[in-house]
Every structure is written in C-alpha cells, then in structure tokens.
Protein chains: 2
Amino acid sequence: MGLGDHSVTTSPSGGRPLKPATIRDVASRAAVSVASVSRVLNGAGPVALETRDRVMEAVRELSYVPHSGARSLSMRRTDTVGVILPDLHGEFFSELIRGLDRAARERGLHLLVSSSHDDEAEVEAALGSMRGRVDGIIIMSPHLDPASVAGGMARSVPVVALSGDGGRGDVAGIGIDNAGGARAMTAHLVEGGARRVAHIRGPSGHSEAEARMAGYAAAVAEAGQPPMVETGDFTQASGYRAMHALLERRARPDAVFAANDTMAIGALLAIREAGLRLPEDIALGGFDDVPMAALLRPALTTMRISIAELGERALARLAGAIQSRRAAAPADPEVEIVRPLLVVRQSTFNHRQGEGQSPASFSQERQDA
Amino acid sequence: MGLGDHSVTTSPSGGRPLKPATIRDVASRAAVSVASVSRVLNGAGPVALETRDRVMEAVRELSYVPHSGARSLSMRRTDTVGVILPDLHGEFFSELIRGLDRAARERGLHLLVSSSHDDEAEVEAALGSMRGRVDGIIIMSPHLDPASVAGGMARSVPVVALSGDGGRGDVAGIGIDNAGGARAMTAHLVEGGARRVAHIRGPSGHSEAEARMAGYAAAVAEAGQPPMVETGDFTQASGYRAMHALLERRARPDAVFAANDTMAIGALLAIREAGLRLPEDIALGGFDDVPMAALLRPALTTMRISIAELGERALARLAGAIQSRRAAAPADPEVEIVRPLLVVRQSTFNHRQGEGQSPASFSQERQDA
DNA sequence: CGGGTCGATGTAATCGGTTACATGCCATGC
DNA sequence: GCATGGCATGTAACCGATTACATCGACCCG
C-alpha cells in the first residue's frame with residue numbers, strides 16, 4: 001500500500017501503459033509529494049528550481065496529462081458550458097456553434113452540446129443530465145418559455161437564454177430585435193415607393209414570427225397602409241403558395257416582405273412564374289441574409305443577423321455571469337438585444353442613392369451581389 | 001462533524017439553497033446511509049420498499065440531482081464523447097452534428113464539441129484537454145494524418161477518425177468513397193454521350209479533393225478521353241473562374257464534373273453567362289447534394305452523401321469501441337466506407353430512361369426537383 | 001438448538017486531483 | 001544565542017459520488 005508500487009511503465013513509447021499515469025505516479029517518480037507536482041503544474045506556490053525540473057521530467061517520461069474530471073471535482077468548476085438547442089438547420093446552426101466555440105476557446109472553456117430538442121420534457125432531461133458537468137448553460141427554445149424551463153437549474157448554475165425576443169422572466173438573455181428589423185424592412189419598402197406592402201408571415205405561436213409580424217403591422221400602420229398578410233411556415237414551398245395567394249388578390253401588392261429568406265425565395269419563384277418583374281412590378285425583401293440571398297438574381301434585399309456574433313455575445317454573457325457568481329455577486333437578468341442590419345440588394349429599388357437613413361438608427365448597407 | 005449539520009434548506013421552493021444537495025444530504029434526511037441512497041437511485045442491490053420510499057421523498061424534497069462529475073470520477077466513465085472538427089460550414093456541419101447527437105442520445109451519451117481546428121497544434125491541445133472528460137473521441141482533420149495526431153490519446157481512449165478516405169494507420173475510421181463517387185459521376189456523364197468530360201477539382205493536398213480527382217482520372221482514362229482539369233478551392237467564386245477558363249479552351253468540354261456542389265453553382269453561372277444551355281450544350285455534375293442543388297434551375301445532378309448518417313455511423317462505431325475496451329477486447333482498426341449515391345437531375349441528360357446501372361454497384365436515383 | 005443462507009444496511013476505501021495547514025530548515029536581526 | 005520570518009515541502013482532508021466488504025437479524029434445516 002506504499003507510494004511506490006504503481007505499475008506504470010517507465011518508457012514513454014515502449015510498453016504502452018494501459019492506465020494513464022496519475023499525479024501520484026509522477027510524484028513518486030520525481031521523489032516529491034503530490035502537492036509539489038500540483039504546484040509545479042499550476043504555477044501556484046513556491047517551488048525550488050531543481051524540484052520543478054525533476055517534476056517536469058517525470059511528467060514527460062510518463063507522458064502525464066492531468067485528469068480534468070478529477071480536477072473539476074476538487075476545484076468545483078468544470079470549465080465547460082452546456083448548450084441546449086432546438087432542431088436547427090444549416091447555416092444558422094453552424095454559425096451559432098462557430099461563434100460559441102470561438103468565444104469559448106478564447107476563455108479556455110469547452111462546449112457540451114445537446115441539440116434537436118423540441119419538447120419541454122427533453123429539455124428538462126438535458127438540463128438535469130448536465131448537473132455537475134457544466135458551469136453554466138446557454139439555452140434556446142423558441143416555443144417554450146425559457147425562464148420556466150431554466151428555473152430549477154438557474155439556482156445552481158447561471159443560465160443565458162437565446163431567443164427570438166430576449167428571455168422574459170428572471171434569466172439573462174440575448175435576443176434579436178425581430179420587431180425592429182421587420183419594421184425597418186417594411187419602412188424601406190415604403191420609402192422605395194411601394195403603395196401596398198404585403199407580409200408573408202411565419203407560423204402563429206412562433207415567437208420570432210409574431211415579432212416580425214408585429215413590426216410589419218406597426219410600420220404599415222404608420223404609413224397609413226392597410227395590412228395584407230398571408231401565413232407560411234418558413235419553408236420555401238409555403239412562401240411560394242403564399243405569394244400565389246397574394247397575386248390572386250384584387251389589389252395586388254407592389255412590395256412583399258417575407259418573414260425569412262427561404263420563404264422569400266419561394267415567393268420569388270412565384271413572381272417569376274407570373275411573368276412579373278423584380279423589383280419593377282413587385283419589390284421583395286427577406287430576413288436572415290442566408291448565403292443564398294446574395295446569389296439569387298435579382299439578389300435579395302434582406303435583414304442580416306450575424307449569427308456567429310450572437311453566439312459569441314451569448315457566451316461572453318454567460319462567462320461574465322459565471323465570474324460574478326464566483327464572486328458571489330448576483331448576475332443581472334438583463335436582456336441584451338442584437339439589431340439586424342438592412343442589406344439592400346437588387347430585389348428592391350436601389351435607385352435613390354445616398355439618401356436618408358432608415359428609421360430608428362437601423363444601419364444599412366448597399367451591395368451589388 | 002456529524003452527519004446532520006449540513007445547511008441545506010428544507011423546503012423545495014422556499015429558501016433557495018446556494019449549494020445543491022449532495023448524496024449525503026439526502027442520506028441524512030432520509031436517515032439512511034449513502035450506500036442505500038445510491039442503491040435506490042441506481043436500482044442496484046436490494047433495498048426495502050419502505051427505505052426506497054423514504055429516499056425518494058428526501059430526493060424530492062431537496063430536489064436532489066446527482067453530480068455527474070463526481071459519478072464519472074468514481075465510475076471511471078464519463079458517458080461523454082469528444083468531437084474534434086475542422087472549420088466546417090453550413091449544412092455539412094449541422095447535419096454531421098445532428099447525426100452524432102441523435103446516435104449519442106440514443107445511447108445516453110453526451111457530446112463535447114470542439115470545432116474550427118485547422119493546424120495540428122490546436123488539435124493536439126484539444127485532445128489533451130479532453131483527457132478525463134471523455135470516454136472516446138471522434139476526430140476529423142482533412143489536412144492531417146489522423147493516426148499520428150491521435151496516437152498518444154488512442155492509448156488511453158478509443159478514437160474514430162472521420163475522413164475523406166478513411167483513416168489510415170491504426171485507428172478505426174469511417175470514410176467516404178470519394179474516388180468511387182467521382183468515378184460514378186464521370187461515368188454517368190460519359191454514358192450520357194459526353195465526348196470531353198472536364199473536372200473542376202479542389203485544392204491540391206486536400207485529401208477529398210485528391211480522391212475525387214483520382215476517381216475522375218480513372219474514369220476518363222477508361223473511356224479513352226484526355227483529362228481536362230482546372231483547380232478551384234471549393235468556393236463558388238473559384239468554380240466560376242474555373243469554368244471560365246474551361247470555356248476559353250480551344251476544345252470546349254461538353255460535360256463538367258465539379259468536385260463539390262458549391263463550385264458547380266459557380267460553374268453554372270459562368271455557363272449561363274456564356275449563353276450556353278444546360279444540359280444540351282454542357283452537362284454539369286456536382287458532389288455532396290447540398291439542399292440548394294435541388295432548387296437550382298436546372299436542378300443539379302450530384303453525388304449524395306448522407307452526412308447525418310455518416311455521423312451516426314461514426315458514433316455507433318465509437319460506442320462499440322468503448323464497449324469492447326471495457327471488456328478488455330482490442331477494437332479492430334478497420335476502416336468503414338460509405339458510398340455516395342448518384343442523384344440524377346436536370347443538369348445532366350435524363351433521357352435514356354431506365355437503362356443500365358452505373359458501374360460498381362453505385363445506386364442511382366432520378367429526381368425531378 | 002447451532003450453523004448456514006439470504007436480505008437489508010452501514011462503513012470506509014476509492015477515483016485523481018487541489019489545498020489548508022504543519023513542519024523543517026536556513027538566514028536574518030537584535 | 002535565540003526568536004522570527006519566509007521558503008520549500010509534505011501530510012492529509014476534502015470534492016461527491018460508487019461499491020467491496022462487514023455486520024446484523026430473521027429464517028430455514030438438520
């Protein structure tokens with residue numbers, strides 16, 4: 001039961017040790033105590049130069065790598081953040097993770113990802129299984145109330161909600177200003193001379209769809225126009241169908257704002273099929289600025305959201321909350337809002353060069369595909 | 001120092017406990033030992049009915065959730081797999097994670113994701129920091145040799161390499177049959193009547209690009225055609241430029257195989273600009289079957305890889321390796337190959353209905369967008 | 001009635017680190 | 001010459017679970 005009877009092979013590449021070396025193996029090989037090894041490795045506390053060298057050599061010889069799990073337990077910190085996401089696709093998902101990963105790596109944090117959650121039970125389960133694995137959680141769940149879902153967990157670790165409208169309730173959150181963006185797009189269409197701006201909205205109950213709808217409604221009301229709305233479900237086919245329906249109305253719209261780019265593409269196909277010209281007969285605006293938007297002809301005017309940046313901000317926010325919890329300071333449950341950027345391309349009138357800004361300080365960018 | 005002096009509040013929702021309850025809190029509250037609590041919670045070992053009830057009640061009252069980190073340490077298993085990925089984008093990334101996540105959840109595993117690694121040093125660092133956090137690792141790194149990079153880690157946990165051509169070396173791997181796919185596509189173009197099939201390849205040194213190039217070269221050689229090659233870098237702009245170069249050649253190609261769909265789209269724009277018709281003047285084939293491929297007009301013929309399935313298979317493979325390592329059985333370092341599927345759409349000749357299969361048992365599918 | 005079996009439970013070692021505290025030593029100051 | 005202080009180091013108690021082993025009755029059988 002002494003310290004010396006560990007069975008780790010000496011040579012680094014010769015016999016491959018079945019079990020990796022532990023700190024005690026290193027200690028006994030360097031003929032020092034585990035405390036000294038720990039001090040050397042973490043650069044904490046005073047160590048004699050010669051001791052340091054002996055330890056480093058033993059580390060090299062045994063190719064010792066500290067066991068992060070054990071460290072987490074004794075340090076009461078995992079340096080890991082949990083990420084709980086709904087069923088996301090394509091560019092949105094990859095950009096979000098890219099932003100999270102970048103920000104995490106900067107801070108020496110890891111990402112425990114659990115995606116494709118749609119109902120509340122799954123989210124609860126995911127949250128539960130993260131206890132003791134993470135120092136904080138980033139959660140996105142469009143159909144649910146993030147505050148309630150995160151309530152239990154939020155008492156033990158900080159939670160940041162990522163949502164269409166900012167997390168209501170008492171958890172911190174990052175949200176997209178969907179209403180403001182929709183309003184800016186609608187105003188852009190009105191300013192371009194459209195007399196009847198229609199909206200192809202997303203499914204009712206979906207918080208982002210509702211917010212964009214609200215922004216549209218406010219802007220047309222302000223312009224003294226009657227609202228014209230068709231409902232889609234964010235797919236291309238639904239955008240196509242909705243546009244068809246709009247074209248059959250007695251008073252045809254001369255501009256359409258689709259609640260996302262994918263539906264806008266469907267609408268574009270329907271407009272083309274009807275033999276109408278873009279943007280002369282009908283102007284078209286989308287939302288999201290997916291990569292395809294710039295590749296269409298005419299290239300699509302849209303509201304750009306930098307998803308990667310959204311991820312970075314969320315992680316920065318969470319990292320801050322973890323810090324302040326360590327300092328026993330209560331984290332502020334404030335909700336931070338990211339504003340989309342209006343990107344004007346050929347699907348709307350880009351005559352009127354260099355004129356006035358869009359309202360509400362929404363910045364704007366012209367682009368030629 | 002007794003068992004009873006823990007300071008956790010009694011009521012579940014009243015005073016919020018700063019520190020979550022531990023198994024000892026539960027034990028003392030239920031007036032049993034920690035062993036019994038553990039037995040109840042894990043359903044292992046015999047427990048009296050009444051004891052079980054008391055424990056469950058205490059668990060509820062304290063809203064106790066086991067600390068997975070601590071459990072990992074004593075069980076020597078983390079139920080987590082590490083995923084190390086290069087800088088991936090869009091659909092490929094999200095589908096891969098989707099497949100991994102689905103397969104992981106089925107098995108009660110978690111995903112520790114670290115993405116955007118490009119050079120070897122970063123990968124090494126990521127691997128090191130995963131020691132003690134994961135039971136196994138899935139690694140994808142196109143420019144590097146997965147075997148060497150994973151060599152050190154592979155001694156302590158199983159590693160599965162995800163790569164363009166299957167991991168050489170002594171680690172298990174899953175690969176895509178890029179060469180075979182490229183060959184099938186080229187053969188499809190030849191069979192459609194093309195006399196001069198050109199190839200827009202990916203960057204040299206990139207293993208997938210090389211494999212697809214090799215498949216193309218073999219197929220044109222077999223058909224007795226001279227190779228015509230331009231090099232791109234997998235971006236749309238490079239596909240556009242490469243196609244331009246091909247069109248300026250004295251002997252213009254009558255079919256083009258682009259090494260991925262993104263470059264094929266660039267090529268498509270160039271062909272259109274030159275006033276040529278697809279597929280009559282020039283037939284065009286891609287690789288990957290990105291969602292946009294079916295939406296183009298003409299819709300793009302391409303080789304489909306089910307990325308999500310690739311992820312699922314990789315995880316299944318790793319899970320198997322983890323199992324067998326627990327049973328002290330050596331895992332086989334075999335490389336599993338996934339074959340892409342030829343999806344024929346309008347950008348190539350889809351006359352010749354219902355004729356012979358493509359060579360080498362590559363399955364085929366016709367589709368109308 | 002003694003010994004053996006089985007079921008229910010508790011005690012304490014263990015996983016691999018960190019770290020508060022104790023110890024030993026040497027140099028300094030008075 | 002002795003108290004003092006600071007550096008270098010070691011010992012052992014955690015972190016929060018699991019689990020091998022010991023214990024203790026109750027019950028059955030010869």
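In what follows, every heavy atom counts, from backbone to side chain, and hydrogens, waters and symmetry copies are set aside.
Closest-nucleotide positions on DNA chain C for B:Glu50 and B:Val34 were compared, and the one nearer the 5' end corresponds to B:Glu50. Between A:Ala44 and B:Val47, the one whose closest nucleotide on DNA chain C sits nearer the 5' end is B:Val47.
For the pair B:Met75 CE and C:dG16 C1', the interatomic distance rounds to 17 Å; values are reported in whole Å. Rounded to an integer number of Å, the gap from B:Asp25 CG to D:dC15 P is 11 Å. Rounded to an integer number of Å, the gap from CG of A:Leu41 to P of C:dG16 is 16 Å. Whole-Å rounding puts the B:Asp79 CG to D:dT18 C1' distance at 14 Å. Distance CZ (A:Arg76) to P (C:dT19): 11 Å, rounded to an integer number of Å. In this structure, CZ of B:Arg71 is placed 13 Å from C1' of D:dT19, rounded to the nearest angstrom. For the pair A:Ile23 CD1 and D:dC15 P, the computed distance is 19 Å after rounding to whole Å. The distance between atom CG of B:Asn42 and atom P of D:dA17, rounded to the nearest whole Å, is 11 Å.
Interface remark: the B:Arg131 side chain does not form any donor-acceptor pair with the C:dG16 base, using a distance-only criterion of under 3.5 Å. With hydrogens and angles left out, the side chain of A:Arg24 and the base of C:dG17 share a donor-acceptor pair within 3.5 Å.
Listed pair B:Ser33 / C:dG10 meets the phosphate criterion, a side-chain N or O lying under 4.0 Å from OP1 or OP2. OP1 or OP2 of C:dG16 has not a single side-chain nitrogen or oxygen of A:Ser74 nearer than 4.0 Å. One finds no side-chain N or O of B:Ser68 lying less than 4.0 angstrom from the OP1 or OP2 phosphate oxygen of D:dA17. Applying the 4.0 Å criterion to OP1 and OP2 of C:dA8, one finds that B:Ser36 has every side-chain N and O outside that range.
Checking B:Thr80 against A:Arg133 by side-chain atom types alone, a donor-acceptor pair falls below 3.5 Å.
Comparing C:dG17, D:dA17, C:dT9 by their closest approach to the side chain of B:Arg39 singles out C:dT9. Comparing D:dC7, D:dT19, C:dG16 by their closest approach to the side chain of A:Leu73 singles out C:dG16.
Within 4.0 Å of B:Pro66, counting heavy atoms only, lie sugar-phosphate atoms of the nucleic acid but no base atom. Backbone-only engagement by A:Ala48 is indicated by non-hydrogen atom pairs under 4.0 Å involving sugar-phosphate atoms exclusively. At a threshold of 4.0 angstrom between heavy atoms, the contacts of B:Ser38 include nucleobase atoms, whether or not backbone atoms are also involved. Residue contacts shown for A:Ser72 are absent, as no nucleic acid heavy atom lies under 4.0 Å away.
In summary, of the residues considered (B:Arg326, B:Arg325, B:Arg76), a side chain to side chain contact (heavy atoms under 4.5 Å, CB included) with B:Asp135 occurs for B:Arg326 alone.
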Practice problem: Using the side-chain contact (heavy atoms from CB on, under 4.5 Å) rule, take A:Phe93 and A:Ile307 through it: C-alpha gap first, then chi angles, then the decisive distance, then the call. | Solution: CA-CA 9 Å; A:Phe93 182 86; A:Ile307 306 299; over 6 Å; no
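Between B:Arg105 and A:Glu122, at least one side-chain N (NZ, or NE/NH1/NH2) sits under 4.0 Å from a carboxylate O, which counts as a salt bridge. Comment: A:Arg313 engages A:Glu309 in a salt bridge, judged by a side-chain N to carboxylate O separation of less than 4.0 angstrom. The residues A:Asp87 and B:Arg98 are annotated as salt-bridged, a charged nitrogen and a carboxylate oxygen being separated by less than 4.0 angstrom.
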